[in-house]
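What follows is one structure encoded as structure tokens, with my remarks underneath.
Counting convention: from 1, in listed order, for ligands and their atoms alike. Side-chain atoms are counted along with the backbone in the values below, which use heavy atoms only and exclude waters and symmetry mates.
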Amino acid sequence: MPKNLSENLIEIEKYLDKYKNKTLSHFIGGKEVMSLSGNTFENYSPVNNEKIGSIASGAEEDIKLACETAKNVSDEWRKTSGKIKQKLLHKIADGIEKRAREIALVESYDSGQAIRFMSKAAIRSAANFRFFADMAPNACDGKALPADEHLNYSIRQPIGPVGVITPWNTPFMLSTWKIAPALASGCTVVHKPAEWSPYTAMILAEIIKEAGLPDGVMNVVHGFGETAGKSLTENKNIKAIAFVGESSTGSQIMKQGADSLKRVHFELGGKNPVIVFDDADIEKALDATIFMIFSLNGERCTSSSRLLIQESIKDEFVKKLCERIKKLKVGHPLDPETEIGPLIHEKHLKKVLSYFDLAGEEGATVKMGGKAFSINGAGNYVEPTLFTEVKNTMRVAQEEIFGPVLSVISFKDENHALEIANDTQYGLAAYIWTSDVGRSLRLSHQLDTGMIWINSENNRHLPSPFGGMKASGIGRDGGDYSFDFYMETKNICTAFGTHTVPKLGK
Ligand code: NAD
């Protein structure tokens, strides 16, 4: 049974007690340790911008220690049988399920994401561990590739210690997407969580310790991107970096990792189109459009931030959108009724607000919302916002705002829709709403995005590839795609004894 706001507020106090007036440590070699320098930074809740607690601030020496630790146990973890890995990862999933309420409440309070979504995200995180747990026993399997006089066969082995760097939107769930397949592959991990949402990363560390994962196989170092994050990407013991965050940070990481030839997997930003044709199921398309931009505070890489609407239904669709936007419930993230919570940080709020001014300057109409507000005098709340009369060349149509802000752009026909959809630096996701199957497939084949949903909102299927093209990313997550990233493929070629070896120097 979902609890109400007052009950949630009482319960969260119990969990926050662990963090208030205390310093959250790193987790290295199975132990909670402070930064070698003793440095800390403060963490605030977006609900009121009041300090929750202090966090150990990792620097190069802390990262070095964590990476050496991950390297020292790398061989042992690699050789641990797939069956044992499977069992341990299922135990981690059990632990997540057991503490799912705590994870959801803490995540909600720390990140501003509504509890209705964070409760599901916590459960999905356990599912991530279970899915990859069951792939662990066969992770090393390759292919048999027989030739006329040789047998080639491939096997996979873990690449070694990896760095996982995650952002602040749904931080727990996103980290499990990376950490679960890395561990199932046989890699050891150093995780650098986002500095604005550090708490649930340590809950995962506690669960992992309790599940009995050998010390040092999973480590967490908190800190800022420019210090802890940068050191992790430069560390020579780290063989690959799985990164989720902004496109510009991805580009930085590529440069930072160049000297040590890091393998990288990037899940980056998006400016995703939802394309609605006049033959679509309008009510369903409306539900999906609203869900995909206003859930998770619009702080979602796959958010449908550009609505491409066919001219003939534009007025009707915008009218319906306005009616629904008016009724969206913006409020305290721990209120189960809340649909949109406060934005993660005052700095991010400022960024989102700057686009409200920009929209007017660029000639778009701020049809709904467009203001910040507070609840009981506090919080990073913004009104759900709708920009109409947007041209795709405007910055509000090209840049990732990462807030509850939808830009409406109209199109004439299929070709025009395709042209607008692809006219962006990003290429993460696209949504198509039409009852014409042929058209949806024609478009899907021509859209430059890594993922396309037809007559559906985003829903995740773990074996399917997740990721983007262009400035939205490099590589894919999910199923075997994840294993390909965390593992090296080795080819072994054996002669049947029938071929002639070329003779030199005879
Ligand atoms: P960000 O790039 O600012 O930070 C992400 C992480 O990178 C943080 O942990 C940060 O400390 C670290 N970092 C920053 N600079 C670094 C550096 N130079 N070296 C190493 N690490 C560094 O992103 P954010 O603001 O936390 O998150 C929002 C972004 O994440 C959005 O662009 C969003 O679209 C993207 N995102 C993408 C996906 C996806 O699957 N494609 C999913 C979620 C979020």
Atoms in ligand 1 flagged as close to Asn169, the criterion being non-hydrogen separation under 4.0 Å: 43 (C), 44 (C)
For ligand 1, the portion of Arg300 having any non-hydrogen atom under 4.0 Å away: neither
Ligand 1 contact on Pro193 by region, counting heavy-atom pairs under 4.0 Å: backbone
Atoms in ligand 1 with a heavy atom of Gln256 nearer than 4.0 Å: 17 (C), 18 (N), 19 (N), 20 (C)
Under 3.5 Å: N/O of Glu246 near N/O of ligand 1: yes
Verify atom 4 (O) of ligand 1: protein non-hydrogen atom under 4.0 angstrom away: no
Pair Glu457 + Lys284, salt bridge at N-O below 4.0 Å: no
Ligand 1 atoms in contact with Leu428 (distance to a heavy atom under 4.0 Å): 41 (N)
Student check: side-chain heavy atoms of Leu418 and Leu447 closer than 4.5 Å: yes
Atom 22 (C) of ligand 1 - nearest protein heavy atom and its distance: Gly225 CA, 3.4 Å
Electrostatic pair Lys71:Glu68 at N-O distance under 4.0 angstrom: no
Atom indices of ligand 1 within 4.0 angstrom of Cys301 heavy atoms, with elements: 34 (O), 36 (N), 37 (C), 38 (C), 39 (C), 40 (O), 41 (N), 42 (C), 43 (C), 44 (C)
Sub-4.0 Å atoms of ligand 1 with respect to non-hydrogen atoms of Val244: 5 (C), 36 (N), 37 (C), 38 (C), 42 (C), 43 (C), 44 (C)
Atom 21 (N) of ligand 1 - nearest protein heavy atom and its distance: Gly229 CA, 3.6 Å
Electrostatic pair Glu226:Lys230 at N-O distance under 4.0 angstrom: no
Heavy atoms from other residues, nucleotides or ligands near NZ of Lys22 exceed 12 (cutoff 6.0 Å): yes
Sidechain N-carboxylate O distance under 4.0 Å for Asp215, Lys209: yes
4.0 Å heavy-atom contact, Phe243 with ligand 1: yes
Identity and separation of the nearest protein heavy atom to atom 28 (C) of ligand 1: Phe402 CE2, 3.5 Å
Between Trp168 and Phe402, ring centroids under 6.0 Å: yes
Salt-bridge present (Glu400, Lys271; N to O < 4.0 Å): no
Per-atom contacts, ligand 1 versus Lys230 - under 4.0 Å to a heavy atom: 19 (N), 20 (C)
Heavy-atom gap Phe466 to ligand 1 smaller than 4.0 Å: yes
Ion pair check, Glu267 and Lys178, cut-off under 4.0 Å: yes
Ligand-residue contact atoms, ligand 1 with Thr249, heavy atoms, under 4.0 Å: 1 (P), 2 (O), 3 (O), 13 (N), 14 (C), 15 (N), 16 (C), 22 (C)
Ion pair Arg324/Asp287, N-O distance below 4.0 Å: yes
Atom 34 (O) of ligand 1 - nearest protein heavy atom and its distance: Glu400 OE2, 2.6 Å
Nearest-neighbour protein heavy atom for atom 24 (P) of ligand 1, which is reported as residue plus atom name and distance: Trp168 NE1, 3.3 Å
Numbering as shown, the atoms of ligand 1 that approach Ile165 to under 4.0 Å (heavy-atom distance): 6 (C), 7 (O), 9 (O), 12 (C), 20 (C), 21 (N)
Protein residue, atom and distance nearest to atom 35 (C) of ligand 1, heavy-atom basis: Gly245 O, 3.3 Å
Residue part near ligand 1, for Thr166, under 4.0 Å between non-hydrogen atoms: backbone
Pair Arg156 + Asp484: basic N to acidic O under 4.0 Å: yes
Side chain to side chain, Ile92 and Leu89, heavy atoms closer than 4.5 Å: yes
Carboxylate-amine/guanidinium proximity below 4.0 Å for Arg99 and Glu206: yes
Lys85 NZ/CZ over Trp77 ring centroid, <6.0 Å and within 45° of normal: yes
Presence of salt bridge, Glu488 and Arg263, under 4.0 angstrom: yes
Shortest protein contact, atom 37 (C) of ligand 1 (heavy atom only): Leu268 O, 3.0 Å
Atom 27 (O) of ligand 1: the protein heavy-atom neighbour that sits closest, reported with distance to 0.1 Å: Pro167 CB, 3.2 Å
Region of Thr170 engaging ligand 1 - heavy atom pairs below 4.0 Å: neither
Residues Lys351 and Glu346 bridged, charged N to O under 4.0 Å: no
Check: Lys192 N/O within less than 3.5 Å of ligand 1 N/O: yes
Part of Leu174 with heavy atoms under 4.0 Å of ligand 1, whether side chain, backbone, both or neither: side chain
Heteroatom distance test (Glu195, ligand 1): nitrogen or oxygen, under 3.5 angstrom: yes
